[in-house]
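Accompanying notes for the structure given below.
Naming: A, B, ... by sequence-line order, numbering from 1 per chain.
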Amino acid sequence: MTGGLQGPGPKDRPRPDGRRNSQGIRVDPDAEAEPDTRRAVLSALVKHEPGVLAEVSGLFSRRQFNIESLTVGPTEDDDRARITLVIEEPEPGIEQAKKQLRKLLPVVSVRELPEDANQRELALIKVGATRPDEVHAIAEMYDAKGVDAGRDTITVEITGSTQKIDAAVEAFEQFGIHEIVRTGTAALSRGAEYTATTPDGAPADD
Amino acid sequence: MSERAPVTETEKEATDAGDAADAAASGANRSPEERAEGRPVETGAQSVVRALENAGIEYLFGVQGGAIMPVYDALYDSDQLTHFTMAHEQGASHAADAYGIVAGEPGVCMATSGPGATNLVTGIADANMDSDPMIALTGQVARDFVGNDAFQETDTTGVTDPITKTNFFADDPDVVGDDVGQALALSNTGRPGPTLVDLPKDVTKADTDVEPGEPETPDTFHAPEEADDEAVAEAVRAIEASEKPVILAGGGIIKGDATEELREFATTYEIPVVTTMPGLGSFPEDHELSMEMAGMHGTGFANMAITHCDVLIGIGTRFDDRLTGGIDTFAPDAEVVHVDIDPAEISKNIHADYPLIGDAGTVIEQLDAEMDFAPDADEWREQCQTWKDEYPMDYSTPDDEPLKPEFVVEALDEATGGDAIVTTGVGQHQMWACQYWTYTEPRTWVSSHGLGTMGYGLPAAIGARVAADDDQEVVCFEGDGSFLMTIQELSVAVREDMDITVAVLNNEYVGMVRQWQDAFFDGRHAASEYSWCPEFDKLAEAFGARGFAVDDYDEVADAVEAAVEYDGPSVIDFHIDPRANVYPMVPSGGANGQFALSEEQLEDL
Ligand SMILES: Cc1ncc(C[n+]2csc(CCOP(=O)(O)OP(=O)(O)O)c2C)c(N)n1
């Protein structure tokens, strides 16, 4: 209790050379430090019980993960549901999303799917019916099926990758789009490889 | 909680000092089967109580109410459980939280549905941020009414979902006991945290004869123990090659009971130790390797060490922004070894070059077993010593200025001979309590770190008092603003005759806000002047506690001695320098190495 705080002031102290980027990764001080984002498809096997979807979506919103789509549905096992999440994040964000998901108690396992996984989305597109032949032609180009046709509107169903559906929507725009509904991506890994599952109870976290 | 009068300190002493026979008589040592024989479970509520007994729980903190009444009624028959009725549910949640910190076992709080449950929320969120083992039991309206906006209905699991480790809606009287058992087990397995069980009234009232089993975690829950051997070997090579190593000891060391391992490791390899705020007490601050606390109001030398190290061994820390300052300047030249039991903490804020996922004590032992030699760091240790000499924590006491808060903290540290548990509210007083008290033992520092909850100190002191040894003092530092937020809990301390000394560092401001307004808002004191605050010594007396008021240096020693000696609750209202500020300070988002030692330096940054 004598002199108060002392020592060289901020300007007189040595400074370190290094620097970290916003993800906390050490970088070359002169280099461009902001990481690129990428699209990742996460598949989570969860307990099939009420409230799980709310827990998962709550997690993603409060941690501000950039979410593109989220789908959920039952599986071959009555006790399990599968959630497919598409997010766009830098690498550390994707890792963090997987780890945070795994912390939720009803989540059995989580896996990021490779790019070549089978990914499909379903859309119903309702367009104006003034030029039915042309609607039909475009539908054929995109493998779309008519599901409803009336005096004023035609509704088509289309499944495929998100990009394919985006392209189809663009093509249908010329007829005047009344309404669209899309499901978001559902995905399974290729071949016999497991998506996110626990065969024999073994955790499939990657 | 029973026909007995509330437990007094003397009665508690008798129980604490009692032998195993006493413990057996109170029920704590009986197996679930013996309990079932003595008094079989007949209702959901009794099953809840049985689950608590099976887990070895002894104390609960709560407030009565409609939807939780069946549980209270069942508690009435337990000879193992003692319930403390608090003045406000927030007090119950903080008391349970502090109990968990000091005892290392889950603290239990309970409340009724609706407002009772929402009043617990702040304490639950607090425990969540600080990874404290705690369980909340909340009443809920009967299942038929759920979702209908019934009287005192709140979607409690919905509200607490983001702030609990996990929560359960108990919808089956046969399973409710196991829900509670699971919640208890989860709260203190792996990374600790608060759990909650929402108890609909019809479920707790319903008949059941199902005895709950031992508390167990569910099968989807896996807490890692040992880190990967190869990863350990790689981390060790980096530590061995280091010339400027630093250990950053976080609260996880204390939670994981790894202080012995930490001390052994640091002293064997002579690696300087910096702590986070929750890590205070993990390493003795009077040891020459101790660099004390880093971060926004950490010591200058700790922040210099962090900034200039080449290998940072972070153990049980989540790299909070109050610790790191601006991410880009945090240990910018260091490779980071990060030990944590929660995989999601790895590379969340600071990228880990060497991630080691596992229990803190186990991983430190793994590191130790792999180390072939200590890092060559003589020069670095000398440098650290130089920084300690250059930036000592010190203050001045000019005759023409009012009482300095630092002096008060030191006076209490001295008067209690170091063997005390310190709790605090949130504000400047909390920082002075970090800086000027010398922490040497784990579980002696109880504060609201991550959430920064004003009003935490007094209810926390109550929880700490229940968990502490009888010969240990409990000292609570509060600010005038913070104290006012939960001051009603004094009634509990008085009723239970608890030996607690509250030191109010009264500056008639919400001082921390005033400090920031002076530094960053042109001294415009919007809503920060508390010149209307009551005379706390008289208020204490009105509650039935002892009250003291201190204005001058020469009154400090006597008041402190009288308050510490007094066996019940006492409050000392220290009228401190209203202009006193906390330094060193790293401005929010600034570089740790650029800490300011005064307001002038802050302006230059
Ligand atoms: C519940 C709550 N409300 C508001 C704040 C914001 N806050 C942080 S510190 C502080 C000032 C505390 O003042 P006081 O208790 O008088 O302590 P001092 O800083 O003067 O020591 C305030 C208002 C908070 N941390 N918690």
Side-chain angles (χ1 to χ4, degrees), chain A residues 1-27 29 33-35 45-47 49-52 54-59 61-63 91-109 198 201 203 205, chain B residues 157-158 161-162 165-166 169 186 191 218-222 300-301 304 307-308 319 324 327-336 342-353 387 389-397 404 406-407 410 583-584 591 593-598 600-601 604-605:
Chain A
M1 250 191 280
T2 47
L5 298 173
Q6 315 139 15
K11 290 206 177 67
D12 305 319
R13 293 175 210 147
R15 286 175 191 243
D17 300 327
R19 182 158 84 89
R20 292 178 188 275
N21 66 20
S22 61
Q23 311 287 320
I25 302 171
R26 271 193 314 150
V27 291
E34 284 321 301
L45 199 69
V46 303
K47 285 193 179 167
E49 60 188 25
V52 180
E55 247 187 273
V56 170
S57 58
L59 167 72
S61 76
R62 75 177 164 267
R63 294 209 177 256
E91 211 56 59
I94 293 169
E95 280 310 306
Q96 189 52 214
K98 289 193 245 178
K99 289 172 179 170
Q100 292 292 348
L101 255 179
R102 282 184 194 130
K103 277 175 72 165
L104 299 180
L105 216 51
V107 172
V108 179
S109 75
T198 51
D205 297 358
Chain B
T157 52
D161 186 63
K165 191 167 163 182
T166 195
F169 180 83
L186 278 167
R191 177 184 183 162
D219 53 6
T220 51
F221 183 82
H222 316 277
F301 43 95
M304 289 302 276
T307 303
H308 293 277
F319 295 108
T324 61
I327 294 281
D328 55 334
T329 47
F330 180 76
D333 291 332
E335 290 197 278
V336 174
D342 180 355
E345 282 311 319
I346 305 289
S347 300
K348 186 184 74 179
N349 297 334
I350 295 293
H351 175 75
D353 302 285
W387 282 326
D389 297 339
E390 273 179 350
Y391 302 106
M393 290 304 294
D394 206 354
Y395 57 96
S396 38
T397 52
K404 291 289 187 271
E406 298 92 334
F407 184 88
E410 288 187 337
Y583 287 102
Q594 300 300 102
F595 53 87
L597 297 166
S598 64
E600 297 80 66
Q601 289 186 353
D604 289 346
L605 283 177

Original post:
Measuring heavy-atom distances to chain A, does B:L186 have an atom under 4.5 Å in its side chain, in its backbone, in both, or in neither?
Top reply: side chain

Subject >> Engaged part of B:D342 at the chain A interface, taking heavy atoms whose separation is under 4.5 Å >> reply: side chain

Original post:
Which of the residues B:G300, B:P218, B:A331, B:A334 is involved in the greatest number of heavy-atom pairs with chain A at under 4.5 angstrom?
Top reply: B:A334

**OP:** Provide the closest heavy-atom pair for B:L597 versus A:G7 in the form atom of the first, atom of the second, distance.
**Re:** CD1-O, 3.9 Å

**OP:** Among A:P14, A:P8, A:P92, single out the residue with the greatest number of heavy-atom pairs under 4.5 Å to chain B.
**Re:** A:P8

Subject >> Which portion of A:D17 sits near chain B, non-hydrogen atoms under 4.5 angstrom >> reply: both

Subject >> Residue A:R62 versus chain B: region with a heavy atom under 4.5 Å >> reply: side chain

Original post:
Rounded to the nearest 0.5 Å, how far apart are CG of B:D353 and CD1 of A:I25?
Top reply: 9.5 Å

**OP:** Nearest 0.5 Å please: distance from the CD atom of A:Q23 over to the CD1 atom of B:I350.
**Re:** 10.5 Å

Subject >> Interface moiety of A:P29 toward chain B, non-hydrogen atoms closer than 4.5 Å >> reply: neither

Subject >> CZ (A:R15) with more than 12 external heavy atoms under 6.0 Å >> reply: no

Original post:
Hey, what do you get for OG1 (B:T166) to CD (A:E55), rounding to the nearest 0.5 Å?
Top reply: 6.0 Å

**OP:** Tell me, for B:I327 versus chain A, whether the close heavy atoms (under 4.5 Å) come from the side chain, the backbone, both or neither.
**Re:** both

Subject >> A:Q96 side, atom CD; B:I346 side, atom CD1 - distance, nearest 0.5 Å >> reply: 10.0 Å

**OP:** Specify the closest pair of heavy atoms between A:P10 and B:F595, including all atoms of both residues, with the distance to one decimal.
**Re:** CG-O, 3.7 Å

**OP:** Identify the two heavy atoms, one from B:P332 and one from A:R26, that lie closest to each other, and give their separation to 0.1 Å.
**Re:** O-CD, 3.1 Å

Original post:
Between B:E335 and chain A, which part of the residue has a heavy atom less than 4.5 Å away: side chain, backbone, both or neither?
Top reply: both

Subject >> For B:F330, all residues meeting ring pair (Phe, Tyr, Trp, His ring centres under 6.0 Å), sequence neighbours excluded >> reply: B:F319

**OP:** Identify the heavy atoms of B:M393 and A:L5 that sit nearest to each other, and give their distance.
**Re:** CA-CD2, 4.1 Å

**OP:** Let me know if B:D161 has heavy atoms under 4.5 Å from chain A in its side chain, its backbone, both or neither.
**Re:** both

Subject >> Residue list, side chain to side chain contact (heavy atoms under 4.5 Å, CB included) with B:S347, at least two apart or on another chain >> reply: B:H351, B:A352

**OP:** Look at B:F221, B:W387, B:Y391 and state which one has the largest set of heavy-atom pairs under 4.5 Å with chain A.
**Re:** B:Y391

**OP:** Check A:G9 against B:Q601 and note the closest heavy-atom contact, atom names and distance.
**Re:** CA-NE2, 3.4 Å

**OP:** Would you give the length of the straight line joining atom OG1 of B:T307 to atom CZ of A:R13, rounded to the nearest 0.5 angstrom?
**Re:** 9.5 Å

**OP:** Any chance you could measure A:R20, atom CZ, to B:D333, atom CG, to the nearest 0.5 Å?
**Re:** 9.0 Å

**OP:** Return the minimal non-hydrogen interatomic distance between B:P343 and A:K99, and the atom names on each side.
**Re:** O-CD, 3.2 Å

